Amino acid sequence: MAAKFRVTPYAINDVKPGMEVGRMVLTQDDKVILSDGTLLSESMIEGLKFWKINTVFIKEQIFTEEPEIDFSIPETALQKKFYADYDNTVNILKDSFSNTRFFKEVPLVTLRELANNSIEPLINSNGVINHIHMVRRQDDYTFHHSVNVAVICGVLGKWLGYSGTELKELILAGLLHDVGKTQIPLEILNKPGKLKPEEMEIMRLHTTRGYQLVRDASNIPSGVLYGILQHHERADGTGYPLGVTSDQIHKYAKIIAIADIYDAMTSDRVYHRKATPFAVVEMIVEEMFNKLDPEIGSVFLNNVRDYFVGNIVELSDGRQAEVIYLGQFMASRPIVVTEDREYIDLERNKDLSIVSLVRA
Ligand SMILES: [Fe+2]
């Protein structure tokens, strides 16, 4: 059987003398420490530790034909339960929002119960962010989006240290953030393709209409009202409806803004193909410093990255690959292993890119 080589990332503590470097080792500021082909000695390994190099690519000879990696994994019982609970939640929300469109009154008791008893348990499911990527539907977008934003708000709220009443309020604010869309004509709300400027103006009214719908209800926390009214405001004053700046935007609205962007951009819509979570995270990084809240943004990014390891993606050459490592900054170009067992650092190999998420 013909000998083959492969290049595999090793944690520095697993690197042994005699191993061959498979890919040039660089410092953080791109100085070459070792070139590929170098046979490692004890002192070289000590040197790598001194430079705080955590991962080294090692070239290994393999003698057996290994079968291709099978990325198809059946759904687990936990995933099935998540999808069933999620669908149930979406259906209740759909009924509530349909009633709101007709009666112009938000059934707050039902929605509060939904936030506390249905959405909070979803947030505590293992792998919740990944499950959300797998339950995307093209129809009923507003209802799915509202549930997803509520779930992401809850997860992000927990990462930010929220608990108790504050976490419940944040989840309710996420669930209700687009309730004003029930007052937007369906032909604009469901229009395939881009909205005309005058239609966009009407669509933007969903923030104030939502606020007006909920404002007079008893026991509605002010944070929930601000979340609805201000979730399209941006820190630099470029948002709507009022164009206020960062210090005037409520923290719930800032959290919803990030959850909203993440969910909207990773969803397939009639008029745009969904972006991969990797690409969306990078867009959030770009917007984080002037439009979004940098503190909330960085907590989101630092935690959401953990969910990406193990995702199965499709590469631009058509192969499927598993994400095995994410670099410090560039989430859209992780290290992947393909189904034919090639390890590719997409940060170094710019000819290839991730085109879609196959399985989260
Ligand atoms: Fe909105």
Side-chain angles (χ1 to χ4, degrees), residues 90 93-94 96-98 100-101 104 106 111 115 119 132 136-137 140-154 156-157 169-192 194-215 220 223-244 246 248-272 274-275 280 283-284 287 291-293 296-297 300:
V90 170
L93 184 85
K94 195 172 167 178
S96 300
F97 275 22
S98 304
T100 307
R101 176 172 288 277
K104 303 205 180 325
V106 184
L111 290 171
I119 296 185
I132 282 197
R136 292 286 156 71
R137 315 267 193 278
D140 291 345
Y141 172 75
T142 305
F143 313 117
H144 283 277
H145 176 64
S146 297
V147 171
N148 292 352
V149 168
V151 171
I152 298 169
C153 278
L156 177 51
E169 283 181 14
L170 175 60
I171 295 168
L172 183 63
L175 195 62
L176 288 172
H177 80 286
D178 271 349
V179 69
K181 287 195 177 166
T182 60
Q183 306 307 306
I184 303 300
L186 286 171
E187 60 273 21
I188 294 181
L189 189 64
N190 296 331
K191 182 182 172 182
K194 274 207 175 318
L195 296 179
K196 291 184 198 148
E198 60 272 25
E199 292 168 331
M200 185 61 89
E201 279 306 304
I202 295 171
M203 188 68 141
R204 286 180 165 197
L205 291 175
H206 78 273
T207 48
T208 41
R209 291 285 147 79
Y211 171 80
Q212 287 158 354
L213 272 174
V214 180
R215 179 180 52 185
I220 188 87
V224 175
L225 287 175
Y226 279 116
I228 297 169
L229 182 66
Q230 296 187 321
H231 69 275
H232 288 287
E233 299 286 5
R234 293 294 177 259
D236 59 2
T238 56
Y240 63 89
L242 296 175
V244 292
S246 181
Q248 294 164 291
I249 305 174
H250 193 279
K251 58 186 178 180
Y252 292 176
K254 291 175 174 173
I255 295 170
I256 295 171
I258 290 177
D260 186 19
I261 292 172
Y262 184 76
D263 186 67
M265 292 195 62
T266 52
S267 297
D268 239 339
R269 301 295 303 279
V270 183
Y271 54 89
H272 76 75
K274 65 183 172 186
V280 175
M283 200 220 82
I284 293 178
E287 302 236 306
K291 293 190 183 295
L292 303 170
D293 185 282
I296 299 170
F300 179 69

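Computed from a predicted structure; not experimentally measured. Whatever order the structure lists them in is the order used to number ligands and atoms, beginning at 1.
Rounding to the nearest 0.5 angstrom, the gap separating the NZ atom in Lys291 from the CD1 atom in Ile258 is 13.5 Å. Taken to the nearest 0.5 Å, the CZ atom of Arg101 stands 10.5 Å off from the CG atom of Leu213.
The Fe ion (ligand 1) lies closest to atom OD1 when only the N/O/S atoms of Asp178 are considered. The minimum distance between the Fe ion (ligand 1) and any N, O or S atom of His206 involves atom NE2.
Rounded to 10 degrees, the NE2-metal-NE2 angle spanning His231 and His232 at the Fe ion (ligand 1) equals 90°.
Contact detail for Glu233 and Val244: the closest heavy-atom pair is OE1-N, 3.2 Å.
Taking the six-membered ring where the residue is Trp, Tyr226 and His250 present parallel rings, their angle staying beneath 30° rather than reaching 60°.
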